[in-house]
Amino acid sequence: MEDILNSLNDEQKNVILNNDNNVLILAGAGTGKTRVITSKIIYFIKEKKISPGNILAVTFTNKAANEMKARVQNYLKYDFDLMIKTFHSFCAYILRNEAFLVNRSRYFQISDSDDSIRILKKIINENKNIDNKNANYYYKLIQIYKQNLGKAVFKNIDFDNFKKIHDLYEEYLLKSNCFDFEDLISKTIEIFNKYPIILEKYKSRFKYILVDEYQDTNKSQFELLKQLKGDKNKILVVGDEDQSIYKFRGADINNILNFQNDFDDAKIIKLELNYRSTKNILETANSVIANNQLRLGKNLYSNKKTGSRIIVFNAANEFNEVEKIIEIINQKSFNLNETAILYRTNNQSRPFEQIFNKLKIPFVIVGSIAFYEREEIKDAISILKWIINPMDRISFSRFINKPPKGIGEKTLSLIFKESEKYDYDILKVLKNINKIENLSRKICKKLSDIYQIFYQANDLNIKTLDKLFEYYLEKLKIYEHYEIIDSKEGLDKVSNLKELASSVKNIDCSEEEILNYLENVTLSPVKDEDKGKKEKIKLLTAHNAKGLEFENVFIVGMEEGLFPSSKSMEDDFEEHYDEEERRLFYVAITRAKNNLVISYCLNRNLYGVFAERSRSRFIDEMPENLLQLNFYNQNVNNKMNLKNGDIIKHKEFGKGKIIKIDIINGKRVALVDFWDHSCFELFLDKVKLEKIDD
DNA sequence: CGGTAGACAGAGTAC
DNA sequence: CTGTCTACCG
């Protein structure tokens, strides 16, 4: 233990040695908070002789949880049951034990947002009398409603209409023996409220509750912590209000701002010594975030060198931006593996992918869970989900008609209706499929064939999950289904399915293992970053970059409307409307250890048309004396090198040919012969033209 | 029921 | 420009 304490600075030691209070550790970026939290756990176990089973540590990502677990176990050198989980997996754990109290079995499956939206689409289609809003809209409302534990918090919506859809959706989940993401939290709370004896069980078990990323907790997660926190146990939360960037999924920054009021004897300990970034980078970050009002306040300092200035440049458009970045990388000989490109929205990766591919520059898109969102992967997983939980309507609907065999909405409705006779067990419906009237002979035969596939699997005694996948994908003709689509796409899908199968070679086919696997896949799919360690540039969103660090960081697309995003600001027309976006920018800046480069485009293709952009307000908040500015303000039409004879497209006038380009009063004017109009003179700095190849 | 064409709307972050 | 929804036909 001495060695651990010695490796900590005074701020950090303070955390370890303070055990009498409920504590908020206000930990700035790069101040070693993971180290502190794991040291604390080790201290509890070794010095305070607290049994590992009495400690609960909650995080937001499985990655963080696993890291923490690994560090603690590595130090203590023996295996024990450490309850280090994400909010969602912790609640799933409780629900596996107590689900019957909310009318589910322990084999419940988790409906992800995609599944939930499918359910809502179905409901909307079947109830033509409801408001014609889309499924996404209702999904969002339902999540908010659940996060607020059933309090109607919305203004300006038809609550009765909403409630009707909500109730139908709940019924669907209930009959499917499923929970959605928010249910995991809210149903746990419901159980704790209804059955104090159950709550008491967990409350007395967890003597110490540690919470990571406290600034990201939402209303229901806060409520859950409040429930678990009794008179006798202590809570220690770690967070940074300046890194609260998950408002869109309900995170409430007030939880961290009000910690001292919410818990008695609460003490705040600040960690401000940053180990990550150069002084220049840190000072830039400090200046930017100082513009926020909603803060507890802290000022990071660094013992590292001053470092080079922050490069800020602009580019003609998003392709030019990529080219300039490549130039900088080459010029400065950045190590690709230590270089990250951060953007606000996922689709901004495109120009990078295109150009990197063309130039054979190795890259990886980090953190996209795209693999598990693919149609074919979800199909395959839905088969497993349905085996474990034969009530799961949404999973059943997903694979049953692939390849197409005439089983559509109508047949499904009949099957679901019939399932009422068997406690909603759809497998039993298939077993007795002949008993359904109004079902064509053909469909009946198909369904009973499918039943045979599932029935026979029992006799085969399949040992590992990959073999099980192979069996069903083969027998259900799903490989065939995708192979028949004679295109690259179909082949990609088959190879993705094979990849999925080979990723589960080591997983046993026991019910418990499969249950566990399905939960992991839904709550924390393995992300691409984990695969392969080859030298590659990382592409990722600023959100995904949280918690990571790189030698060299590029933050691109720093334009008004994009970063800060206009969408995000629509949500929030209050006083502090751009603060969340500023925090996100702050998170992005503080990822950089040594080199930081910021860029924006003068023009960007949106909806297929080039639109002029203006630079982000956040750029102007960076201290100019720390920057190396590289702006040019050449008009982009000039940059396009328009010349006589070029074919261009104008938004209003359509296509035309440039007859000549003149300079009038210092401005470039093009005379264009439009195909559908006569000739016009256009000031090139005023109009938006798109050059066309033909 | 399934496939497709053509209209239409729509760019945001994710457990 | 791209993905999604709708309407219609086989």
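Small disclaimer: the values here were computed from a predicted structure and weren't measured. Quick note on labels: first sequence line is chain A, next is B, and so on, each numbered from 1.
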### Task
Take atom CZ of A/Arg118 and atom C1' of C/dC5, then tell me their distance rounded to the nearest Å.
15 Å
### Query
Counting N and O atoms only, with roles assigned by atom type, does the side chain of A/Ser395 sit under 3.5 Å from a partner on the main chain of A/Asp392, one being a donor and the other an acceptor?
no
### Message
Please classify the nucleic acid contact of A/Lys405 as base, sugar-phosphate, or nothing, using heavy-atom distances under 4.0 Å.
### Response
sugar-phosphate
### Query
Contact class for A/Ile245 vs. all strands (heavy atom < 4.0 Å): base, sugar-phosphate, or nothing?
nothing
### Task
Specify the separation, in whole Å, of atom CG of A/Leu439 and atom P of B/dC1.
10 Å
#### Entry: Presence of salt bridge, A/Lys121 and A/Glu126, under 4.0 angstrom
no
### Query
Hey, is the side chain of A/Asn544 poking within less than 4.0 Å of OP1 or OP2 on B/dA14, counting only N and O atoms?
yes
### Message
With nearest nucleotide decided by heavy atoms, which residue, A/Thr541 or A/Gly408, maps closer to the 5′ end of DNA chain B?
### Response
A/Gly408
### Task
Could you check which of B/dC15, B/dC1, B/dA14 has an atom nearest any side-chain atom of A/Thr411?
B/dC1
### Task
Under 4.0 Å between any heavy atoms, over every strand shown, what does A/Glu182 touch: base, sugar-phosphate, or nothing? Just pick one.
nothing
### Message
Restricting to non-hydrogen atoms, name the atom on A/Asn291 and the atom on A/Glu621 that form the minimum distance, rounded to 0.1 Å.
### Response
ND2-OE1, 3.2 Å
### Query
What nucleotide, of B/dA14, B/dG12, B/dG3, holds the atom closest to the side chain of A/Pro404?
B/dG3
#### Entry: Nearest-neighbour nucleotide for the A/Asn401 side chain, B/dA14, C/dC1, B/dG2 considered
B/dG2
### Task
Specify the closest pair of heavy atoms between A/Phe563 and A/Gly557, including all atoms of both residues, with the distance to one decimal.
CB-O, 3.9 Å
### Heavy-atom closest contact (A/Lys69 atom, A/Ile84 atom, distance)
CE-O, 3.6 Å
### Task
With the side chain of A/Lys140 defined as its heavy atoms from C-beta on, choose the nearest nucleotide among B/dG12, B/dG10, B/dC15.
B/dG12
### Task
Take the protein atom CG of A/Asp212 and the nucleotide atom P of B/dC15, then report the distance between them rounded to whole Å.
15 Å
### Summary
Closest heavy-atom pair, A/Tyr372 versus A/Ile381, reported as atoms and distance to 0.1 Å, is CD2-CD1, 3.9 Å
### Task
Map A/Leu562 and A/Ile407 onto DNA chain B by nearest heavy atom, then report which one ends up closer to the 5' terminus.
A/Ile407
### Task
Starting at atom CD1 of A/Ile415, determine the distance to atom P of B/dC1, rounded to an integer number of angstrom.
11 Å
### Query
A/Lys410 has a side chain; which of B/dT13, B/dC1, B/dC15 sits nearest to it?
B/dC1
### A/Ser565 side chain near B/dT13 phosphate (N/O to OP1/OP2, under 4.0 Å)
no
### Summary
Checking B/dA14, C/dC5, C/dG3 against the side chain of A/Lys121 (C-beta onward), the nearest is C/dC5
### Query
Base, sugar-phosphate, or nothing: which does A/Phe60 touch, judged by heavy atoms less than 4.0 Å apart?
sugar-phosphate
### Query
Rounded to whole angstroms, how far apart are CG on A/Asn218 and P on B/dC15?
14 Å
### Query
Which of the following nucleotides, C/dC1, B/dC15, B/dG12, is nearest to the side chain of A/Tyr607?
C/dC1
### Task
Whole angstrom is fine here: how far is it from NZ in A/Lys446 over to P in B/dC1?
14 Å
### Message
What is the separation between atom CZ on A/Arg604 and atom P on C/dC1, rounded to the nearest whole Å?
### Response
17 Å
### Between B/dG12 (P) and A/Tyr577 (OH): distance, integer Å
20 Å
### Query
Any side-chain N or O of A/Lys567 under 4.0 Å from OP1/OP2 of B/dA11?
yes
### Message
Any side-chain N or O of A/Asn346 below 4.0 angstrom from OP1/OP2 of B/dA14?
### Response
yes
### Selection from B/dG12, B/dC15, B/dA11 that lies nearest to any side-chain heavy atom of A/Arg249
B/dC15
